[in-house]
Undergrad: 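One structure, pasted below without further comment.
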Amino acid sequence: LFLNNCLLNVYAKCGSVEGAKKLFHSVDCRDIVSWNTLIDAYSMLGDVKKVSELFLRMRDEGIEPDGLSYVSVFSAVAGRGNVEVGRAVHAQMVTSGVELTKQAETSLLVMYSRCKKLKEALQIFERSDDKDLMLWTSMISGLLKNGSADQALRFFWQMLASGVKPSKETLACVLASCAKLGDIKLGTSIHCYTLRHKMAAGISLQNSLVSMYVKCGRLKQGFRVFSMMPERNVVSWNAILVGYAHNGYLTEALHFFSELRIACEEPDYITVACLLQACASVGAYQQGKWIHNFVVRSCLLPCIKISTTLVEMYSKCGDLVS
RNA sequence: AUUCGAGCUUAAC
């Protein structure tokens, strides 16, 4: 059983749910670890249906879910957004008497926050009597993502006051809040803090630094951080490109777009949507059509965001027929 | 060391 579970974990971690599934069904000796491993494999794929199905089936087979099983369900719901399923499982967890672990608490908070249920997320947070770094960071991120950047900063100060030290992830959220609020003063001091505490590495943190500077209108500073990054991903490129686009530099934004492709990074729907919005805002018809052409020939999946910005671009450029 | 939680880009209106 032990070895089978190890192997199951290997399949799951390597992204082979099929392998995990086969192994899971080929043996008749399973315990809670086997179930949790398989459920989490589906959860990581975002397959909420499979997750709930397995979750129900394990109870039928007489295995009571533990804290970890619940975490997988909450995380799956957080990714896809059917709150009602999440609420039901949450209620079941309460009645079942399974202990609310730190992980379950955090994944619940994240679930409600990603489903835009800020009140319920705040409730989880307030009811927690031992707020750790993960819970604080998740709450700060949740406030930011739900349009309360100012409150996110207030929570950050409270976190510091309560003696919890921020991680790079926390600071990335705080910087994103500064970006949203245009708070260059706090943004800069966070930057200094990361340098003083040897926390300035890490792609997410650097991405949020770039974003903070350009959103505050400090294009040169943002570009300086960007150009010194040892590693970049599509978020880095989007951050710098959007900064230039929002400050009225369409040509430069398009330049970053070609650089991105030279760097062999794949543009995503955000890249394209931002460029189209930039074209729309200055009425750049030719460039807009060129981006549209790129979208058609790319392997980007059609999505509402791209469609909307295409419509916006064409109408702002006066081409109502397209 | 058989299974588990947080983070960065898509401004504002």
Side-chain angles (χ1 to χ4, degrees), chain A residues 1-13 20 30-41 43-44 65-75 78 100-111 113-114 124-125 131-142 144-145 147 149 164 166-177 179-182 202-212 214-217 222 226 229 232-243 245-247 267-278 281 303 305-306 308-309:
Chain A
L1 180 61
F2 179 87
L3 286 177
N4 266 325
N5 284 340
C6 289
L7 192 52
L8 199 58
N9 187 34
V10 170
Y11 279 120
K13 286 289 175 343
R30 301 170 203 131
D31 63 2
I32 177 98
V33 175
S34 330
W35 282 95
N36 284 348
T37 307
L38 190 65
I39 290 179
D40 197 57
S43 174
M44 290 192 295
D66 63 6
L68 305 187
S69 328
Y70 283 99
V71 168
S72 296
V73 180
F74 298 146
S75 306
L100 184 66
T101 58
K102 296 309 297 170
Q103 292 96 323
E105 207 169 44
T106 305
S107 57
L108 256 179
L109 192 157
V110 170
M111 177 189 81
S113 147
R114 292 234 260 259
I124 302 288
F125 181 80
K131 300 175 175 60
D132 68 0
L133 175 62
M134 301 282 230
L135 198 74
W136 275 107
T137 306
S138 307
M139 193 65 254
I140 291 170
S141 165
L144 170 68
K145 288 282 161 61
V164 175
S167 64
K168 287 178 189 176
E169 290 79 2
T170 320
L171 296 178
C173 285
V174 175
L175 284 165
S177 308
K180 189 143 279 179
L181 299 169
I203 197 159
S204 296
L205 183 87
Q206 297 185 335
N207 287 344
S208 46
L209 272 173
V210 171
S211 176
M212 185 276 293
V214 298
K215 285 279 171 59
C216 293
F226 177 83
M229 288 174 72
R232 302 183 186 100
N233 58 17
V234 68
V235 175
S236 329
W237 288 98
N238 289 345
I240 192 80
L241 180 152
V242 165
H246 282 167
N247 284 281
D268 63 6
Y269 76 97
I270 294 179
T271 321
V272 170
C274 291
L275 285 173
L276 286 170
Q277 262 176 358
S281 68
C303 70
K305 181 108 185 159
I306 293 183
T308 309
T309 49

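Sequence lines set the chain letters: A, B, ... in the order given, protein chains first and strands last, and positions in each chain run from 1.
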Undergrad: Mind calculating the distance between CG (A/Asp40) and P (B/G5) to the nearest angstrom?
TA: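 Taking CG of A/Asp40 and P of B/G5, I get 6 Å after rounding.
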Undergrad: Look at all strands and tell whether A/Lys13 reaches a base, only sugar-phosphate, or nothing, counting heavy atoms closer than 4.0 Å.
TA: sugar-phosphate
Undergrad: Could you check whether A/Asn4 gets within reach of a base, just the sugar-phosphate, or nothing at all, counting any heavy atom under 4.0 Å?
TA: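 Nothing, no nucleic acid heavy atom in range.
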Undergrad: For a 4.5 angstrom cut-off between non-hydrogen side-chain atoms, does A/Met44 reach A/Asp40?
TA: yes
Undergrad: Taking atom types as modelled, find out whether A/Thr170 and A/Thr137 have a side-chain donor-acceptor pair closer than 3.5 angstrom.
TA: yes
Undergrad: Classify the nucleic acid contact of A/Tyr70 as base, sugar-phosphate or nothing, counting any heavy atom under 4.0 Å across all strands shown.
TA: nothing
Undergrad: With respect to the side chain of A/Gln103, which nucleotide from B/C4, B/U3, B/A11 is positioned closest?
TA: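 Selected nucleotide (nearest to the side chain): B/C4.
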Undergrad: Quick one: are A/Val242 and A/Val214 in side-chain contact, heavy atoms under 4.5 Å?
TA: no
Undergrad: Which part of the nucleic acid, if any, lies within contact of A/Gln277, taking any heavy atom under 4.0 Å across all strands shown: a base, the sugar-phosphate backbone alone, or nothing?
TA: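 Sugar-phosphate contact only.
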Undergrad: Of A/Val235, A/Ile240, A/Asn238, which is the lone residue that meets side-chain contact (heavy atoms from CB on, under 4.5 Å) with A/Asn207?
TA: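 Among A/Val235, A/Ile240, A/Asn238, the one meeting side-chain contact (heavy atoms from CB on, under 4.5 Å) with A/Asn207 is A/Val235.
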Undergrad: Between the protein and nucleotides 6-9 of chain B, which nitrogen or oxygen pairs come in under 3.5 angstrom?
TA:
{"unit_1": "B/A6", "atom_1": "O4'", "unit_2": "A/Ser138", "atom_2": "OG", "d": "3.3"}
{"unit_1": "B/A6", "atom_1": "O2'", "unit_2": "A/Ser138", "atom_2": "N", "d": "3.0"}
{"unit_1": "B/A6", "atom_1": "O2'", "unit_2": "A/Ser138", "atom_2": "OG", "d": "2.8"}
{"unit_1": "B/A6", "atom_1": "N1", "unit_2": "A/Glu169", "atom_2": "OE1", "d": "3.3"}
{"unit_1": "B/G7", "atom_1": "OP1", "unit_2": "A/Arg114", "atom_2": "NH1", "d": "3.0"}
{"unit_1": "B/G7", "atom_1": "O2'", "unit_2": "A/Glu169", "atom_2": "O", "d": "2.9"}
{"unit_1": "B/G7", "atom_1": "N1", "unit_2": "A/Ser204", "atom_2": "OG", "d": "3.2"}
{"unit_1": "B/G7", "atom_1": "N2", "unit_2": "A/Ser204", "atom_2": "OG", "d": "2.8"}
{"unit_1": "B/G7", "atom_1": "N3", "unit_2": "A/Ser204", "atom_2": "OG", "d": "3.4"}
{"unit_1": "B/C8", "atom_1": "OP1", "unit_2": "A/Lys145", "atom_2": "NZ", "d": "2.6"}
{"unit_1": "B/C8", "atom_1": "OP2", "unit_2": "A/Lys145", "atom_2": "NZ", "d": "3.1"}
{"unit_1": "B/C8", "atom_1": "O2'", "unit_2": "A/Ser208", "atom_2": "N", "d": "3.1"}
{"unit_1": "B/C8", "atom_1": "O2", "unit_2": "A/Asn207", "atom_2": "ND2", "d": "2.5"}
{"unit_1": "B/U9", "atom_1": "O2", "unit_2": "A/Asn238", "atom_2": "ND2", "d": "2.7"}

Undergrad: Output the rounded distance in Å from CG (A/Asp66) to C1' (B/G5).
TA: 14 Å
Undergrad: Just how far, in rounded Å, is P of B/C4 from CG of A/Leu100?
TA: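 Value for this atom pair: 18 Å.
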Undergrad: Can you find a side chain N or O atom of A/Asn5 that sits less than 4.0 Å from OP1 or OP2 on B/U3?
TA: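 Looking at the OP1 and OP2 atoms of B/U3, neither is under 4.0 Å from any side-chain N or O of A/Asn5.
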Undergrad: For A/Ile39 and B/G5, what is the distance between atoms CD1 and P respectively, to the nearest whole Å?
TA: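 It works out to 14 Å between those atoms.
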Undergrad: Without swapping roles, check the side chain of A/Arg232 against the backbone of A/Phe226 for a donor-acceptor pair under 3.5 Å.
TA: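 Yes; at least one donor-acceptor contact below 3.5 Å.
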Undergrad: Taking C-beta and beyond as the side chain, do A/Ser69 and A/Asp66 meet within less than 4.5 Å on heavy atoms?
TA: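 Of all side-chain heavy-atom pairs linking A/Asp66 with A/Ser69, at least one is under 4.5 Å.
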Undergrad: Please give the distance between the C1' atoms of B/U3 and B/G7 as a whole number of Å.
TA: 23 Å
Undergrad: Can you tell if the side chain of A/Thr37 reaches within under 4.5 Å of the side chain of A/Asn5, non-hydrogen atoms only?
TA: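 Not touching, per the 4.5 Å side-chain cut-off.
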Undergrad: With rounding to the closest Å, how many angstrom separate the P atoms on B/A12 and B/C8?
TA: 15 Å
